[in-house]
Amino acid sequence: MGNKGNFFYVTTPIYYVNDVPHIGHAYSTVSADILARFKRLSGFNVLFLTGTDEHGLKIEKEALSRGISPKELANNVHIKFKELFKSLDISFDRFIRTTDDDHIKTVQKVFSELLSKGDIYLSDYEGWYCTPCETFLTEKSLINGNCPECGRPVEKIKEKSYFLRLKKYEAKLLEYIDNNPDFIKPSFRKNEVVGFIKEGLNDLSVSRTSFKWGIPISEDNEHVIYVWFDALINYLTGAGYLNYQRDDKYNKDNENNFINYFGSLHHVIGKDILKFHTVYWPIMLLALELPLPKTVFAHGWWLMDGKKMSKSLGNVVNPVEVVDIYGEDPLRYYLMREVTFGLDGDFTLKNFTTRYNAELANDLGNLVSRLLAMVKKYRNGVVPVSSEINADLIDYALNLRDSLDKRYENFEFSKILEDVFFFINKVNKYINDSAPWKIDVNNETENKFLDSVLRSSIISIYYISYFIYPFMPGTSNKINFMLNVKLFSDGGQFLVPDDIFKEGFKILDETVMLFPRLNISGSKS
Ligand code: MSP
């Protein structure tokens, strides 16, 4: 049931195509996917955008070093991201490339709008540039002559450049931050942003003349547009800004829903790109007189065994390899369960396999397989009807369900999983304590008790399947398949268990293994 009135727009950062994807990219994307899936389940109209950032000096240099054109590089690498997202079960609505036609037109349109309004003007730039970070830097911000963000060498540049007026919107931005406590999350990041703005904003250089790999300015094709100005606008392109006519606002809105989606915009990003999303981007939107994002959530960074991941250390976790060995759901689960969203985390194979074996294979996998086996053994696959449903279990499930909206709003992914697994173990304990295998089926009272235990547990795993769906959609679908229940996967919704498990309802005979047990080296046994 689509809820016509509710819109939810969620985005990931768009990823540079200078290199193949790594675990950090998987992280941003999986978390946005979880939100998208939860909102769809809750009946929202969801727009979920991800994609690749394909212009700029960094890409041009990388292509040159490989002896191919930047477009060829982008064509090759963007496929790797698409493949990764497919293998991770990412339910994006659009994979945008900044070389897409509609995006190029949108960027040029925005640039022209701001130029004609006087918010963009031509002047001279003299200063420093960090190519790996694609960032302009002032002399005084350098640390030992290097980039303060990544520590790498910077280049001196002096060229004509267009500038975006930032100062003009400083007060408005601070006011927005102040009035919207949900704008910057986690809230501890807010001070960092406010501090930066209060130091005073210099107008931002938004064009370059010394290389070619970028979107040309329609009015002055000596210049290509600064890659971050170009990249941020993907969020406008993806929502259909190109077709949005201010003069004919109301009619057009109804046609393409641009304003509906854009008015409920949620960005998931890494903490390193916070300034771009909470200072430059909102100022671009203020200048365009468009609504500002509802939330920019900055997640932390993954380390590998306590060290920063880097090519030179050779310790970059390749998500494709992890998925090949363990499957997509265990990776999605681990990323979301291991670390409080917003903080840094440490990826270790040891913790990964421990969680896999203990929580996934044992707690969840065994619960489902032994319960379904019992329904088959004692009741021929028919889910018994019983008026005695275990209140403790059902109350826990209902309370958890009622708390979800708030928790997702606060991006409390690990906490949600913690509580779901607490519930899983509650059901495990309930079955152990009830010991159905000891029940005398010839005794009427005991037999009724068995009905109650089986039905209460089946309803519980139906809830569990609903709870885990956004995190582990494949596993949830497998559980539903075995339960003989069709839902979630195609945007269907949670149904009241009593409406499904009616008199005579049969689960499937077929069994699917959820999580094969792993030994410590990671191979399935
Ligand atoms: N192209 C820009 C974003 C433009 S958005 C309009 C960019 N791309 S990126 O490919 O370098 O990084 C994309 C995201 O990956 C960032 O949010 C970054 O924080 C995240 N990660 C990169 N390495 C990471 C880890 N080791 N751990 C977690 N996330 C990290 O920036």
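Whatever order the structure lists them in is the order used to number ligands and atoms, beginning at 1.
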Student: I need the nearest protein heavy-atom contact for atom 6 (C) of ligand 1: residue, atom name and distance, please.
Tutor: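 Of every protein heavy atom, Tyr235 OH, 3.5 Å lies nearest to atom 6 (C) of ligand 1.
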Student: Check this for me - ligand 1, Trp228, N or O atoms closer than 3.5 angstrom, yes or no?
Tutor: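 Looking only at distances, the answer is no, because the N/O contact criterion of under 3.5 Å is not met.
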Student: Are side-chain N/O atoms of Tyr408 and Ser42 paired as donor and acceptor at under 3.5 Å?
Tutor: no
Student: Which atoms of ligand 1 sit under 4.0 Å from any heavy atom of Tyr15?
Tutor: 10 (O), 13 (C), 14 (C)
Student: Does Lys58 reach ligand 1 with a nitrogen or oxygen that is under 3.5 Å from one of the ligand's nitrogen or oxygen atoms?
Tutor: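 By distance alone, the answer is no.
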Student: Checking side-chain polar atoms at under 3.5 Å, does Thr278 have a donor or acceptor matched by the opposite partner on Arg189?
Tutor: no
Student: Determine whether any heavy atom of His299 lies closer than 4.0 Å to an atom of ligand 1.
Tutor: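 It does; at least one heavy atom falls under 4.0 Å.
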Student: What I want to know is whether Leu232 and ligand 1 share at least one N or O pair that is separated by under 3.5 angstrom.
Tutor: no
Student: Which of the atoms of ligand 1 are close to Ala231, meaning less than 4.0 Å from one of its heavy atoms?
Tutor: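 Ligand 1 atoms under the 4.0 Å threshold to Ala231: 6 (C).
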Student: Between His22 and ligand 1, find which residue part has any heavy-atom pair under 4.0 Å and reply side chain, backbone, both or neither.
Tutor: side chain
Student: How close do Val154 and Asn146 get, counting heavy atoms only, and between which atoms?
Tutor: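 Nearest heavy atoms, Val154 then Asn146: CG1-C, 4.2 Å.
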Student: Could an N or O of ligand 1 be found under 3.5 Å from any N or O of Pro13, whether backbone or side chain?
Tutor: no
Student: Can you find an N/O atom of Trp302 closer than 3.5 Å to an N/O atom of ligand 1?
Tutor: yes
Student: Can Glu175 and Lys172 be counted as an ion pair, charged N to O under 4.0 angstrom?
Tutor: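 No, no charged N to carboxylate O under 4.0 Å.
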Student: Look at atom 25 (C) of ligand 1 and say which protein heavy atom is nearest, naming residue and atom and giving the distance to 0.1 Å.
Tutor: Trp301 CE3, 3.5 Å
Student: For atom 17 (O) of ligand 1, what's the nearest protein heavy atom and its distance?
Tutor: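 Protein heavy atom at minimum distance: Gly270 N, 2.8 Å.
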Student: What protein heavy atom sits nearest atom 7 (C) of ligand 1, and how far away is it?
Tutor: Tyr16 CE1, 3.4 Å
Student: So which heavy atom in the protein is nearest atom 3 (C) of ligand 1, and how far is it from that ligand atom?
Tutor: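 Atom 3 (C) of ligand 1 sits closest to the protein heavy atom Ile14 O, 3.2 Å.
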Student: Are Tyr326 and Leu360 close enough that some pair of their side-chain heavy atoms sits under 4.5 Å apart?
Tutor: no
Student: Please tell me if the side chains of Asn18 and Val77 come closer than 4.5 Å, counting only heavy atoms from C-beta onward.
Tutor: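 Of all side-chain heavy-atom pairs linking Val77 with Asn18, none is under 4.5 Å.
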Student: Taking distance alone, with N or O pairs closer than 3.5 Å, would you say His25 contacts ligand 1?
Tutor: yes
Student: Could you check which of Asp53, Val268, Ile273 puts a non-hydrogen atom nearest to atom 31 (O) of ligand 1?
Tutor: Ile273
Student: So do Phe297 and Val10 actually touch side chain to side chain, heavy atoms under 4.5 Å?
Tutor: no
Student: When you check the side-chain N and O atoms of Glu338 and Tyr333, is any donor under 3.5 Å from an acceptor?
Tutor: no
Student: Salt-bridge test for Lys86 and Glu83: reply yes if a basic N is under 4.0 Å from a carboxylate O, no otherwise.
Tutor: no
Student: Measure the distance from atom 19 (O) of ligand 1 to every protein heavy atom, then report the residue, atom name and distance (to 0.1 Å) of the closest one.
Tutor: Asp272 OD1, 2.4 Å
Student: Does the residue Trp281 have a heavy-atom contact with ligand 1, meaning some pair of atoms that are separated by less than 4.0 Å?
Tutor: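 Trp281: no contact with ligand 1 (<4.0 Å).
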Student: Can you tell which part of Phe276 has a heavy atom less than 4.0 Å from ligand 1: side chain, backbone, both or neither?
Tutor: neither
Student: Atom NZ of residue position Lys158 - does it have more than 12 heavy atoms of other residues, nucleotides or ligands inside 6.0 Å?
Tutor: no
Student: Under a heavy-atom criterion of less than 4.0 Å, does Gly300 contact ligand 1?
Tutor: yes
Student: When you check the side-chain N and O atoms of His223 and Ser161, is any donor under 3.5 Å from an acceptor?
Tutor: no
Student: Under 4.0 Å between a Lys/Arg side-chain N and an Asp/Glu carboxylate O for Glu54 and Arg97?
Tutor: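 Salt bridge present between Glu54 and Arg97.
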